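Here is the structure we will look at.
What you see below is based on every heavy atom in this structure, not just the backbone, and it leaves out hydrogens, waters and symmetry mates. This is a predicted model, so every value here is computed, not measured. Residue numbering restarts at 1 for every chain, and letters A, B, ... go by the order of the sequence lines.
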Amino acid sequence: MVATFEPKKTYKVIGTRPIRHDGYDKVTGRALYGADLKLPGQVWGAVLRSPYAHANITRMDTSEAEKYPGVLAVVTAKDMPKAESKMVDLGEGTVNEKHEVDRIMASDKIVFRGQPVAAVAAVDRNTAEEAVKLIRVEYQPLQPVLTVEEAMAKGAPIILPDLVGDDLGEKVKKTNMAKHFRHEFGDVEKGFSQAKHIVERTFKMSMTHQGYIEPHNAVAMWDEDNRLRIWTGTQGAFAVRKQMAGILKLDESRVKVTPMEIGGGFGGKIPVYLEPIAALLSKKCRRPVKLVMERKAVFESTGPAPGGTLRVKVGVDASGKITAAASDMKLEAGGFPGSAVGAAAMCIYSPYNIPNTTIDGWDIVVNKPKSAPYRAPGAPQAHFAMESVIDELCEKGGWDPIDFRLKNSAKEGTRRGDGVKFGSIGNVDVLKAASRSPHWKSVLNKDTTDGKKRGRGIASGYWFNIGLKSAVTLSANNDGTVSLVEGSTDIGGSRASIAMQAAEVLGIPALDVRPTVADTEGVAYNDVTGGSRTTYATGFAAYEAAIKMVEELKARAARIWNQDPSDILFKDGVFSAKKDSELRLNFKELSKKLGETGGPVTVTGSVDLSTGGGAYGAHIVDVEVDTETGKVEILRYTIVQDVGKAIHPSYVEGQMQGGVVQGIGWALNEEYFMTKEGTMANSSFLDYRMPTTLDLPKIETVIVEVFNPGHPFGVRGVGEVPIAPPIAAIGNALHDALGVRLVETPFKPGRIMEALEAQSKAAAVKPKR
Amino acid sequence: MVHVKTTINGQPAEFLVPAYLSLLDTIREVVGLTGAKEGCLDGNCGACTVILNGRIVDSCLVLGAEANGGEITTVEGLATPDALHPLQQAFLEEAALQCGICTPGFLVSAAALLKREPKANEQRIRHWLAGNLCRCTGYDKIVRAVIKAEDMSSQLSKSKAKVAAKPTAKSSASPKASSVRSSGRSGSGRK
Amino acid sequence: MPVVFLPFNLRKYAGGARQVVVTGKTLGELIAAMETLYPGMSAHLLEEGRLRPGLVAVCGTTETRQGLRQQLDEDTEVHFIQAISGGA
Amino acid sequence: MHPFAYVEPKTVKEAVAALSKYGDKARPLAGGTDLLVQTRAGRFNLDAVVNLKKIPELMSVKLDANGLEVGAAVPCYRVYEDPKVSAAFPGLIDAASLIGGIQIQSRASMGGNLCNSSPSADATCPMIVHNGVAVIAGPKGTRKVAIEEFCTGPGKNALAAGEFVVTLQFPKPSPTFGAAYERFIPRNEMDIAVVGVASSVTLDAAGKTIKNARIALAAVGPIPIYAVAASEWLKGKPANEASIAQAAAMAKAAARPITDMRGTIEQRKHLVEVLARRTLTKAIERARGK
């Protein structure tokens, strides 16, 4: 897509902070989320889940549940269409069809605890939940495989007997390794030989969850024409349609998906979980069936971010130039293949210009929930490892961490870890802005009167941002407002940021463009709200539609004024005739006159875009550690990020702040704490410790705008970059405070105490000089 | 079934509920108000917060039967027919919501705080709201919105005049291809 | 002429070459040219006449959204990389 | 949840009758913040829930010359928002104001916290160091049990079938009494104690010597632990850092923690020592009227 737009000096709408269009519904409780829907005749479902992480199902008896008063339908994997072990594309890359169906409901084997095995529909929720307990399932428990090391060990139990692994292009059978790939550029041996300082470290990470507050939900209804309707909180109605059609073996046109308001997703609400089960139940009982997932199941059986093991080795010459980098990343896919290791490889070296690099990535199957995208999938893991090593190198060489990063910064034309050259990127601008920030210039008093230790850390982060397909319809109303129909679920204010781009073109106020998120039959295909693409791609489609609307309105004005359409001008929101200066109408005035000009004005914009302009962030954090307990307080946090162009700065800041706080949680306390049986021991908001408001300071934001030439207003994706640097930034701050390098997440108090103890023991055995 | 007579958002309500039904499900399924949300069903997220007899509670941890004779306020009861609650207005202006699922709980909790402590400082606000989880915003804009609502409320009560509540429009031109804009530590710092 | 950066796994089918310079005004022509140079190569890139599912061609600095019809400039860099699913 | 009946007795007698009728298929309901979560999770299969909050004794707070008597179902906020209680019973206030968040404190009671009998209960240890006694009603009449003898195992306690706690009694502290409770949690609110320690001291008139002390430990054993040896050792010792350090070390020795998702054995033992030191220091400061 070629932008035919010059960056403007000033905007009327873009860069302002209007009240979001859906705001009133959301502050009054009127907004309808998936769980709020109540259809006539609607009944409830409940799901039975495996108590084992690894087991064979040997017998199942649903008769007691079927007899329970109030039960309307019971389904098991037998009710699913037969799936074959073959690769299919369900919109999120290719997956094995049988794996995808088994993930929804296990047919013969359990590969993660919480995997559904049966479900019930009943007259109300409580009846369904009681009845589902009456289903008897017999399991043959198998030894769970819980880490990438266990999974790759010789003689490890094989989790998926039909898995064919890909080891650098060679097929491997009887393996837990789904994939091993390599990127190799330059000559790392030579690069390391040129280095004066080399740091090599291995890092370990636990799985973490997106932690959206709204549990998954779905309502399904089959009609008499064998058409399926789905209402659900999802990041992509069309993605749900595609998955449903694939799993249930239906034509896509037989599935209509209505996206409800969504209570957070962060990548986790791209895969379907409950939707196919609700559909099976509805088909059996011929009633609309609603399912709402309990929180424990959200943790145990939806898609967390992968944990794993990452090794990074970086060499720097005497002048402070990076000469080589090598890394191994082994990430946990969960019970079925598909971790974010490929994306991690694209991000790991992205802030730097490194002449000689290798990256080896492994996608490893383990008996944990199937991982799913989580905000910049793979980037937090990759940057934690890389930025920690960079910090250590800066310390070794005595370099200022920002100067070092500037000296080695990636620029336009630098190669990414997978060899692709960067287009226009803003890492240098971000680093310079960070160095000028009040936070970086401030002095941190490292020691406190109460014996606590303080430290400051900095880290960079990158996300490539995706583009893909979006379509928007605009219709002019005769009162001068414009209806905008789009297909991008609004998770954080995107109705506003999309409408504002149309409003800017049309020269009308933001609130005069009225956005609606349509169902899959109300708008053309749209890819998911994810990959930081929505304001970029759907906003671009809105821009395109608005350009077309201006053209159409010029034609209408020409008709009214008896002018040639090519003689109509549109500037600053006013249509005028080149040849008659008396003929002037603004958008609103012209809208009122459309009645006699040839029917309603409606236009569409449609785009299929390449990458949304990769973007960088640099984060600065001050921490304070109670060295007696290991407890960490975040004292101050500053985010510096290139956003291309902030359409609605408040929501841009909000994305930055929200991403960082998820990163803070990931760094300090969040983890899948697994028992040796493969049970997540902390599957509640009580013990999966996400930050509360009391755990945080204000989060400072510095918006950097480096125009993205791939977008008419220069927009880059915003939402994902901010979660990439925090873990490393906090780890580096802890090192500054304590002198210990933390190599395993989360940096929970007990782990910090262990590191301090190891440090003091090491100091004790060192001979005194 | 338990016979319950109660007041919801100022309106009397009378209904029968199964004894096991939570107040949350009672409000959502029986009364039909879906502003209070289910997030965890174990009192750890605050999305279901309502005011019961003057105190905020997690309605998932109260039985509907216990509402008998009581008085309940939900997010639907915060605005008057004439105007939004200052908190609602401030949340809109400060962009203190993203996905919005936690918003009803935050608004109800904060409304209870403002009523008893109209000038709570940032630390107190953070403490009071610690039982409400938000995963989208990082809380920064929520805390700012509550502080703003305190100011709006005190001005309202001072002047009794209608406060013109317009969004702050900060249009930032970007003459160069690159520009930098900061939002910093305005307001009271935590430490 | 366009420069093709071969991913690690495909280098062995090109005698270990990391980069190859081939003719082609479109991505389709380029792949055909590679097949001529390294018989069997196109099977690793194409399936049913289209780019294999899960494979992305980066032409210049961004992935193509036009498949084999993608026009190539004289000195375009072409990378074949794994498709990445998004998040957030 | 298993469908259950809802009973709302108005007197202790009615409550005893209701609980006796259903036996172990009934549970008393105070704040409900544990009961409803556990019932939903399938820990109980109940036929009846007996709401105790309509019984006046269970909902009253009485402070007089003899001391404090708190109804077993009184929600936490009524304890910490009472300025007189808060002045005289600092250890209780420390606990009541950190159980859950504000929403939980609107409902959760110290009596419920005790009867839930979790080793990590925040209210139990402070009640031990305030010399608390549980007044229990049941089919055989009323009896009293010292708080430190109440819990018998994780989720288990001294209550027999049909019994429930009516009130919690605390003797009036002397003017030279001080107490404190601290817990360690990785977040700042909304967490279960990794370790909690409550300490109380009674000093001599000069504020120099410890006449009496009690230390109790949460989340480091199957029940809240009254650290007898450390408490007894402190009697007659000077109220100084050395005594505190020694008592804290003895408290650490009394801890019998396990490793779980919230912490390891070593971490918990270490934290007992740290928190014992901190709470003893604070209790002495409070005893001295600081």
Side-chain angles (χ1 to χ4, degrees), chain A residues 7 9-11 15-19 23 26-29 31-33 35-36 126 211-215 261-264 292 294-295 426 429 433 438 491-493 635 645 649-651 653-654 657-658 660-662 684-686 690 692-694 696-707, chain B residues 18 20 33-35 37-42 44-45 47 74-76 79 84 88 91-93 95 97-104 107 126-127 129-130 133-143 167-175 177-185 187 189-191:
Chain A
K9 289 201 162 102
T10 57
Y11 294 114
T16 65
R17 302 174 187 241
I19 285 176
K26 284 181 177 162
V27 297
T28 55
L32 285 178
Y33 293 75
D36 301 335
N126 201 61
Y212 33 79
I213 307 298
E214 178 201 39
E261 295 296 344
I262 176 174
V292 174
E294 58 275 37
R295 177 57 55 183
D429 306 72
I491 316 186
L635 295 178
K645 179 71 199 168
S650 295
Y651 288 98
E653 292 158 4
Q657 292 164 331
V660 158
V661 169
Q662 285 184 314
S684 72
F685 277 150
L686 179 62
M690 307 198 315
T692 74
T693 184
L694 200 52
L696 299 159
K698 285 207 174 82
I699 309 286
E700 297 161 60
T701 57
V702 179
I703 291 175
V704 178
E705 294 182 327
V706 179
F707 189 86
Chain B
Y20 61 78
L33 294 174
T34 56
K37 304 300 183 194
E38 173 182 321
C40 66
L41 287 185
D42 55 16
N44 284 294
C45 78
T74 69
V75 69
E76 289 93 341
L84 291 177
Q88 293 171 314
F91 267 55
L92 290 177
E93 291 174 11
L97 60 149
Q98 284 179 32
C99 81
I101 197 85
C102 71
T103 308
L107 288 168
R126 286 186 182 273
H127 178 254
L129 296 178
L133 288 179
C134 170
R135 192 62 159 172
C136 294
T137 64
Y139 306 103
D140 185 283
K141 291 185 186 297
I142 291 175
V143 172
T168 49
K170 266 192 211 164
S171 174
S172 162
S174 124
S178 164
S179 76
V180 176
R181 198 182 312 141
S182 305
S183 96
R185 288 148 69 86
R190 176 155 173 241
K191 291 270 145 46

Among the listed options B/Cys102, B/Gly35, B/Pro18, B/Cys40, the residue most often paired with chain A at heavy-atom distances under 4.5 Å: B/Cys40
Side chain / backbone / both / neither for B/Leu133 at chain A, heavy atoms under 4.5 Å: both
Check this for me: does any side-chain nitrogen of one of B/Lys37 and A/Glu214 sit under 4.0 Å from a carboxylate oxygen of the other? no
Using the salt bridge (charged side-chain N to carboxylate O under 4.0 Å, His left out) criterion, which residues pair with A/Glu261? Sequence neighbours excluded. A/Lys26, A/Arg495
Can you name the side chain to side chain contact (heavy atoms under 4.5 Å, CB included) partners of B/Thr34, sequence neighbours left out? A/Leu32, A/Asp36, B/Arg28
When the 4.5 angstrom heavy-atom criterion is applied to B/Thr103 and chain A, the contacting part is side chain
Nearest atoms (heavy-atom pairs only) where B/Lys141 meets A/Ser650: CE-O, 3.1 Å
Could you tell me which of B/Asp42, B/Leu41, B/Leu92 has the largest number of non-hydrogen atom pairs under 4.5 Å with chain A? B/Leu92
For the CD1 atom of B/Ile142 and the SG atom of B/Cys134, what is their distance to the nearest 0.5 Å? 4.0 Å
Quick one: what part of B/Ala130 sits under 4.5 Å from any heavy atom of chain A, side chain, backbone, both or neither? both
One option among A/Ala31, A/Gly493, A/Pro215 has the most heavy-atom pairs under 4.5 Å with chain B, and it is A/Pro215
Please state whether the side chain, the backbone, both or neither of B/Leu97 comes within less than 4.5 Å of a heavy atom of chain A. both
So which part of B/Leu84 gets closer than 4.5 Å to some heavy atom of chain A, the side chain, the backbone, both or neither? side chain
Output the option from B/Pro104, B/Ala47, B/Cys45, B/Gly138 having the highest count of non-hydrogen pairs under 4.5 Å with chain A. B/Gly138
Could you tell me whether the side chain of A/Arg295 and the main chain of A/Ile213 form a donor-acceptor pair under 3.5 Å? yes
If we only count heavy atoms from C-beta on, is the A/Gln657 to B/Thr137 side-chain gap below 4.5 Å? no
